[in-house]
Amino acid sequence: MSHSRPTEDLRGGHDAVPSRAVQARRAELLDRLCDLFLAEGFAHFTLDELTARMHCSKSTLYTLARSKEQLAVRVVAHFFKRATASIERRVAEVTDARSVIRVYLKSAAAELAPASRRFIADMANNPATRACYESNATIAADRIRSVVHEGVRAGVFREVDAALVGEMVGLTISAIQRGEINERTGLSDAAAFDALSEFLVGGLSLHGERTTRAGEPERTEET
């Protein structure tokens, strides 16, 4: 005789401030929903199907959002928040502007790796989740622009329009996320991010200086 997993109740009472335990369970539920959406998309799911997959009650899902569409937005936003935090933790370990760009783009590729094409398509086809997606691309462009500006100021990058570079990178990241680069070039997302970082760092670095695959500067001898 098999036993089904008991359903969860994360309501915490009317108008009550959720306890730390309830907050932790909600965060864990968001993580599980995020992993499910990344693997299978979300547009085709009903709330009943989600409660069955998550082994929780529908009222528990309503503690996260009041409708399926709002739940999709909540989970997509959670994905990007989780990914951004992970990327920034890795970037914090390096200081050289060239290394920051390499680590940032490589980390972005790693975070996007679990995202199925169905998830990307669902996210792009829903206006609410697409807005979240586009906001993330803007944040990425701003981050790269800031790093380029710092690299120019530090003398490791040549003088360029950092805002333009940031916008170009943001557009390329969006195209990678949508699967357009893969369709047009055959490159995997990870390979596309690697190529983007090589192109970007190589094009920005000062003459007479090149970078290694690890992102550390390597001086060349001048004749």
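Not measured: the values here are computed from a predicted model. Numbering starts at 1 and runs along the sequence shown.
Between F193 and I176 there is a side-chain heavy-atom pair separated by less than 4.5 Å. Residues E40 and F45 form a side-chain contact, since some pair of their non-hydrogen atoms from C-beta on lies under 4.5 Å apart. With contacts defined as side-chain heavy-atom distances shorter than 4.5 Å, the pair V169/I173 qualifies. For the pair L61/C56, a side-chain contact is recorded, criterion being any heavy-atom separation below 4.5 Å from C-beta on. Taking 4.5 Å as the limit, some side-chain heavy atom of V148 sits within range of a side-chain heavy atom of I101. The shortest side-chain heavy-atom distance between L71 and L47 falls under the 4.5 Å cut-off.
The one candidate from R25, R26, K81, R82 that meets the salt bridge (charged side-chain N to carboxylate O under 4.0 Å, His left out) condition with D31 is R82.
One N or O on the side chain of R32 and one on the backbone of M54 form a donor-acceptor pair closer than 3.5 Å. For N136 (side chain) and F80 (main-chain N/O), no donor-acceptor pair under 3.5 Å exists by modelled atom type. Looking at K68, its side chain does come within 3.5 Å of a backbone N or O of A43 through a donor-acceptor pair. At distances below 3.5 Å, not a single donor-acceptor pair connects side-chain atoms of S197 with backbone N or O atoms of R102.
The aromatic rings of F79 and F119 sit perpendicular to each other, their planes meeting at more than 60°, with 30° as the lower class boundary.
Between T60 and T63, the side chains place no donor N or O within less than 3.5 Å of an acceptor N or O (distance only, hydrogens not considered).
The structure places CE of M168 at 10.5 Å from CG of D161, a figure rounded to the nearest 0.5 Å.
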Next on the checklist: For a side chain to side chain donor-acceptor pair (under 3.5 Å) check, start with the C-alpha distance between S135 and T138, then their side-chain angles and the critical distance, and finish with the verdict.
Outcome noted: CA-CA 5 Å; S135 175; T138 298; 5.9 Å; no
Checklist entry - Under the side-chain contact (heavy atoms from CB on, under 4.5 Å) criterion, do C34 and L30 qualify, and how do the steps go? => result CA-CA 6 Å; C34 188; L30 271 175; over 6 Å; no
Checklist entry - Does the salt bridge (charged side-chain N to carboxylate O under 4.0 Å, His left out) test come out yes or no for R117 and D189, once each step is laid out? => result CA-CA 11 Å; R117 290 302 177 205; D189 290 356; 3.1 Å; yes
Next on the checklist: What verdict does the side-chain contact (heavy atoms from CB on, under 4.5 Å) test give for N182 and L187, after you've listed the backbone C-alpha separation in whole Å, the side-chain angles of each residue and the deciding distance to 0.1 Å?
Outcome noted: CA-CA 5 Å; N182 174 264; L187 289 173; 5.9 Å; no
